[in-house]
Structures are given as structure tokens and as C-alpha cells.
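Written below as C-alpha cells is the structure these notes are about.
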Amino acid sequence: MKNRINQLFETKKENILSVYFTAGFPKLNDTVEIIQQLEKNGVDLIEIGIPFSDPTADGPIIQKSSEAALKNGMSLNLLFEQLKTIRESVNIPLVLMGYFNPVLQFGVEKFCKKCAEIGIDGTILPDLPLNEFEQEYEHIFRKNNLHNILLITPQTSEKRIKQIDKASSGFIYMVSSASTTGTGKKVEDFQQDYFEKIQQMNLKNPCIIGFGISDKATFNNACKYARGAIIGSAFVKSISNNDLFVESIPVFIQNILGK
Amino acid sequence: MKYQVNDKGYYGEFGGAWIPEMMYTNIDELKRRYLEIIESAEFKNEFDLLLKDYVGRPSPLYFAKRLSEHYGTKIYLKREDLNHTGSHKLNNTIGQILLAQKLGKTRIIAETGAGQHGVATATVCALKGIQCVVYMGALDVSRQAPNVKKMKMLGAEVIPVHSGNKTLKDATNEAMRDWISNPVDTHYIIGSVVGPHPYPDMVARFQSVISAEMKLQLLEQTNSEFPTRIIACVGGGSNAAGAFYHFLDDEQVELIGVEAAGKGIETEETAATLLVGSPGVLHASKTMLMQNKDGQITEPYSISAGLDYPGIGPLHAHLHKTGRAKFLAATDEEVLQAALLITQKEGIIPALESAHALVTLEKIKMQPEDVNVINLSGSGNKDMETYLNYFGY
């Protein structure tokens with residue numbers, strides 16, 4: 001079967017909305033329902049966060065959601081258990097995002113196989129760097145039809161962007177500015193030069209912009225420069241302490257996508 | 001050179017640079033330039049001069065006569081506690097501040113546990129007139145108040161970290177987040193032989209002055225530059241890396257690292273990473289870690305804030321794996337007794353961290369002619385409250 005990420009980019013050319021949430025938050029067993037709600041309300045791609053005790057690239061909101069999720073008892077084993085039959089109800093691409101150590105302890109090969117069994121389309125593992133990935137693990141991901149999404153930042157050199165583009169499949173995650181997630185730097189502060197440079201490089205992979213996308217204005221602005229954008233911290237915040245996300249998710253997404 | 005880092009940044013299977021892309025440009029610049037800079041004559045001259053006139057090196061190698069009599073063997077103490085700011089930490093921060101200047105950086109960040117590295121970093125920033133921000137777990141801020149005040153007097157901004165367990169690991173997370181957010185003007189002075197390549201190698205090189213001096217001093221005092229064994233405490237492992245460095249390939253010299261057992265390695269309250277941990281990736285390095293079966297990092301415990309870390313430098317993980325060094329653990333209780341003994345036999349109050357190394361004297365059978373060098377990495381000034389509470393003076 002064709003990878004759903006590729007299908008998405010072939011059929012939808014602009015304004016792709018990707019949403020991140022931390023599995024196991026706000027409550028342990030919310031995972032499936034959050035995914036279903038996001039799809040139902042028009043989200044194109046979902047990043048399911050695997051919580052980690054030491055999320056060094058994340059700001060306070062995702063740190064807190066991760067800590068709470070771990071306290072609730074979330075683990076990779078349990079997440080796979082929750083997602084076992086997700087493909088009976090959900091069709092959009094699903095990506096697992098998290099730090100490398102939990103994956104390493106689970107077993108990289110076993111992890112990739114599980115993803116394939118369930119119907120996960122890709123992974124984002126920020127602290128698994130390009131050269132380690134290529135040398136040790138790429139063949140395992142490939143065998144299981146999993147795209148490992150790589151990041152670029154405003155500091156990434158042109159030479160390295162080309163390298164990353166060559167090694168990437170699925171899409172490239174363009175970090176909007178030098179920051180951790182959810183710091184509230186606005187899209188106006190983004191580096192337009194950087195966005196334009198990437199556009200002009202004609203990369204073989206589509207780009208999606210993440211970090212600092214929190215509302216309609218920032219989403220629309222990011223979509224001028226890339227195929228879509230990722231909302232993480234703002235969404236996680238919107239479902240914090242919220243037993244009623246069945247009601248709040250439509251409102252949140254409508255605020256981004258609505259006219 | 002069997003135990004040196006290889007060109008990919010690994011010690012055997014341990015090490016590497018498991019960094020998010022946001023840190024790539026900085027780490028790549030360091031990796032490309034650190035050797036060329038620190039091996040240049042200009043750098044060496046400046047570094048050596050500061051070590052001599054500012055840090056007060058060479059630190060003495062002191063024959064501890066009464067302690068030797070007590071244990072029936074020869075005991076030499078490498079007196080890193082006599083350095084300016086009271087520990088070996090300044091050797092590294094002097095090296096890194098000079099490096100940061102060569103790289104054109106104008107802002108320094110650091111993490112600290114007990115506050116020794118924080119003070120050493122704030123000190124060199126004052127010396128060079130560079131802005132300094134120190135991240136410190138909120139719990140450590142409250143239990144190491146004198147060092148917090150010193151850092152502030154030295155002009156540093158101390159930011160308490162409220163995430164996680166509010167100790168060293170969390171301070172390190174926050175310093176990494178700062179560097180991700182400030183990639184252009186900032187240099188991160190890591191305080192131990194941990195973190196992504198090239199930090200473990202770079203910090204070990206700056207600390208290697210300890211073993212370089214030992215060789216000269218041993219030759220002068222014992223007619224041989226090779227002792228029977230060298231003993232040092234290990235948290236992240238920077239003082240041990242410095243004490244072992246020039247002896248790594250001299251396999252006739254026994255190397256012993258002592259971890260913090262806390263309340264015992266069979267309990268959950270321990271920081272003996274090599275003895276209870278397993279391989280994993282934390283703080284951008286593949287090394288031995290204290291973690292649960294799901295790969296979540298577990299909280300360490302030790303009476304000494306400086307050893308209270310759930311990881312260890314990849315060099316030590318490799319020395320452990322290959323058997324080149326032997327690693328023991330000392331409990332809080334054993335450490336306090338060892339600290340009292342050396343205080344009353346030699347008139348030297350050691351740091352709690354350094355007292356871990358002294359516990360080895362109780363645990364290993366030593367011959368009368370053995371030459372034992374113990375790296376006394378720091379002074380006990382910062383630990384007086386703990387000592388006073390325990391011994392009830």
C-alpha cells in the first residue's frame with residue numbers, strides 16, 4: 001500500500017494542517033478519541049507524541065503534557081495497544097513523534113514493525129541525527145514503509161539542507177525560528193529570508209513549517225511559504241484540563257481553518 | 001590511543017552527538033574547530049598562564065603520612081581542592097571561556113548541580129567580562145544557597161529550573177533549550193565529560209592537566225611516574241577523566257572510579273549509573289543511564305549534589321565495558337565517615353564528592369609498597385552544613 005503521507009501531498013497542494021498532541025494527555029486513554037476528532041474536523045495529518053522524561057527540544061507546554069502523560073502511565077507499549085485498531089476508523093496519515101531513547105529501549109526493529117502493522121506512516125525523532133539514522137537504521141525504516149521526517153532550521157546551511165533533502169522521504173519539517181516548541185515567538189518574527197531561500201531551492205521533498213504556529217494568522221502566513229504547517233503547543237494547551245475536548249476540538253480547528 | 005575518542009565521536013560503542021537539528025550548527029562548528037584552537041600556541045600560552053597565575057596550578061601532590069599509616073599503604077592526594085574556587089571545575093571553564101572567545105561568542109550559559117561548576121563558570125565570565133546565565137535546579141538552589149550567592153556576586157544570572165526533579169538533569173535540559181533558542185551569540189560551557197561530541201573529549205583535555213602534573217610529581221617524589229593505582233569519584237566524570245587521562249594507555253596503572261551509591265545500589269535511592277544502569281541516549285550522548293524499562297530516565301539520589309546525575313561520560317562507560325577501569329560505589333554513610341577520617345588525620349576537609357574516592361581505601365586490600373593517588377577533587381567548604389548536621393557539632 002502506498003504511504004498515506006505521499007498520498008496526502010499528491011492530492012492536496014496547499015494549506016495542509018498537521019496537529020501534534022501528546023499521547024496519554026490529558027487522560028491516559030484519550031488517544032484514539034483525539035485522533036478521531038482531529039480527522040473529523042478536517043486535520044490532514046496527525047503527529048502523536050510519545051512522552052519522554054527529558055524533552056530537551058520542547059517548551060513548557062509540551063514538557064508539562066509529557067510529564068502528566070508519564071504520570072498517567074503512558075508508555076510505547078501501551079500506545080501501540082491503544083492504536084491497534086486505529087485504521088478501522090481513521091484514514092489520514094499518522095506520524096509518531098518522540099525522543100529516541102524510548103524507541104531504542106523498545107527496540108528499533110520491533111518499533112518499526114509495530115508501526116507498519118498498525119498503519120503508522122512516519123516518525124519524527126528529533127534527537128536521532130541524520131548520520132546515525134543513515135548508518136544504522138534507514139534500511140529498517142524503509143523496509144517497513146516508514147518515512148523518518150528530518151528537520152531543518154534557520155541555521156541549517158544550504159549544503160546540509162541539500163543533504164537532508166536527499167536523505168528525506170515524506171516531507172521536511174521546517175523549524176520556523178531558533179527556539180524550542182511553544183515559546184510564543186510569532187510568525188511575524190519568522191525569518192522571511194529563510195523561508196524564501198528554501199522556496200527557491202526547489203527541494204524534492206515538500207516542506208511543512210512548525211514551531212510558533214498557534215492560530216489562523218500564523219497558520220495562513222506559514223502556508224504562504226510551505227505546503228502546510230504544524231500546530232503543537234497551542235493545541236495541547238487547548239485540551240489541557242479539558243474533559244470536553246469533543247466540544248473544544250471543533251472550535252479550535254474551526255478557528256484555524258474557518259473563513 | 002585505545003581509549004581516546006574516534007573520529008566519529010565515539011569511545012567504543014558510547015558517545016556520538018545525538019543532537020536535534022537545532023543544535024547542529026553549533027556542535028558542528030565546535031567539532032570542526034576545537035582541536036585547531038586548543039592546540040594553537042596562542043591558546044596554549046594563554047591557558048597555561050591562567051592555570052598558573054589565576055587557578056594556582058600546579059596543584060600539590062601531597063603524601064598523606066598519617067592516612068598512609070592508618071591504612072598501611074602509601075597514599076598521595078592530588079590537591080584539586082586548593083585550586084581557585086575550590087575544585088577542579090575551573091580547569092575546564094578557563095579552557096572553554098578562551099575557546100568561546102575565539103569562536104566570537106558573547107554570552108555564556110551553563111548548568112550546575114552543587115554550584116561548583118556554576119561558580120567556576122561565573123568566575124571566568126567575570127574574568128573576561130562576558131554575560132553569564134547559569135541554570136540550576138530549584139531544589140539545588142535552595143540547598144546550595146552559598147554558591148548561588150557567590151554566582152550572583154560574580155555577576156551571573158542564576159535561573160532556577162522548576163521542571164522534573166528540579167536538580168542537575170533538569171538544569172541541563174534547560175541549558176540545552178536555551179542554546180537551541182540562542183544559537184548565534186551563545187556558547188554552552190558544559191561542566192563535565194558528558195553531552196554531545198566533542199564535549200566529552202574537549203572537557204577531558206582541559207582536565208588532563210591533572211594527570212600531566214601527577215606524572216611529573218610522582219617521578220619527583222617516588223622515582224616513577226607510574227603509581228599502583230589512581231582513584232577518583234565519578235558523577236559525570238570530569239575529575240576522573242582528568243586524573244586518568246595520561247595513564248589510560250599505561251595499563252600497569254590500575255584506575256578506579258567511585259560512583260555515588262546513595263543509600264545503597266540495591267535501593268532506588270542511588271546514583272551509581274554504571275552499576276545499576278543500561279545503555280541509552282540522554283543529553284545528546286549514547287552512554288550508560290539510569291532508566292526504567294520504557295526508556296524514561298529515573299531520578300538519581302546522592303548526598304552529594306555534584307554526583308546526583310543519572311548518566312555518565314561515554315569515556316567512563318567505555319572504560320567500564322572494556323575493564324580498563326574498575327568502578328565501585330560508596331554509600332552516603334561510608335562517605336561521611338571517610339570525610340571525617342581524613343579531616344582528623346590530615347587536617348583536610350574534603351568535598352562530599354571527593355570523599356567517595358576515599359572510601360576505596362576501606363574496600364580494597366592494599367600492599368604497604370603500593371602507591372595510591374587519590375584525586376581530591378574539591379574542598380568541603382560548600383558541604384559544611386551537611387557535615388555539621390550529621391556529626392552534630
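Naming convention: chains lettered A, B, ... in sequence-line order (proteins, then strands); numbering from 1 in each chain. Small disclaimer: the values here were computed from a predicted structure and weren't measured.
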Taking all heavy atoms of [X] and all of [Y], pick out the closest pair and write down the distance.
X	Y	answer
T156(A)	T25(B)	N-OG1, 4.2 Å
P102(A)	Q296(B)	CG-NE2, 4.1 Å
E67(A)	G164(B)	OE1-N, 4.0 Å
I297(B)	S53(A)	N-OG, 2.9 Å

Below 4.5 Å, heavy atoms only, C-beta onward: do [X] and [Y] meet side chain to side chain?
X	Y	result
D54(A)	T172(B)	no
W18(B)	E132(A)	yes
N26(B)	Q155(A)	no
K293(B)	F106(A)	no
D127(A)	I19(B)	no

Select one option (side chain, backbone, both, neither) describing which atoms of A175(B) are under 4.5 Å from chain A's heavy atoms.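 It is neither, since no heavy atom gets under 4.5 Å.
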Which one of K286(B), Q291(B), H283(B) has the most heavy-atom pairs closer than 4.5 Å to chain A?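 With the most close heavy-atom pairs to chain A, the winner is Q291(B).
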Option in M23(B), K169(B), K8(B) with maximal non-hydrogen atom pairs under 4.5 Å from chain A: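 If we count pairs closer than 4.5 Å to chain A, K169(B) comes out on top.
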By a 4.5 Å heavy-atom criterion (distance strictly below it), what part of [X] contacts chain B: side chain, backbone, both, or neither?
X	result
L130(A)	neither
P60(A)	neither
N131(A)	neither
L76(A)	neither

Taking only Lys NZ, Arg NE, NH1 and NH2, and the carboxylate oxygens of Asp or Glu, determine whether R160(A) and E21(B) approach each other closer than 4.0 Å.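 Yes, R160(A) and E21(B) are salt-bridged.
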Pick out which of T153(A), T180(A), V175(A) makes a side chain to side chain contact (heavy atoms under 4.5 Å, CB included) with I180(B).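 Exactly one candidate clears the test, T180(A).
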Residues D294(B), Q105(A); criterion side-chain hydrogen bond (donor to acceptor under 3.5 Å, both in side chains); working and verdict: CA-CA 6 Å; D294(B) 297 324; Q105(A) 302 309 322; over 6 Å; no
Residues, nucleotides or ligands: over 12 heavy atoms within 6.0 Å of K166(B) NZ: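 For K166(B), atom NZ is crowded (more than 12 foreign heavy atoms under 6.0 Å).
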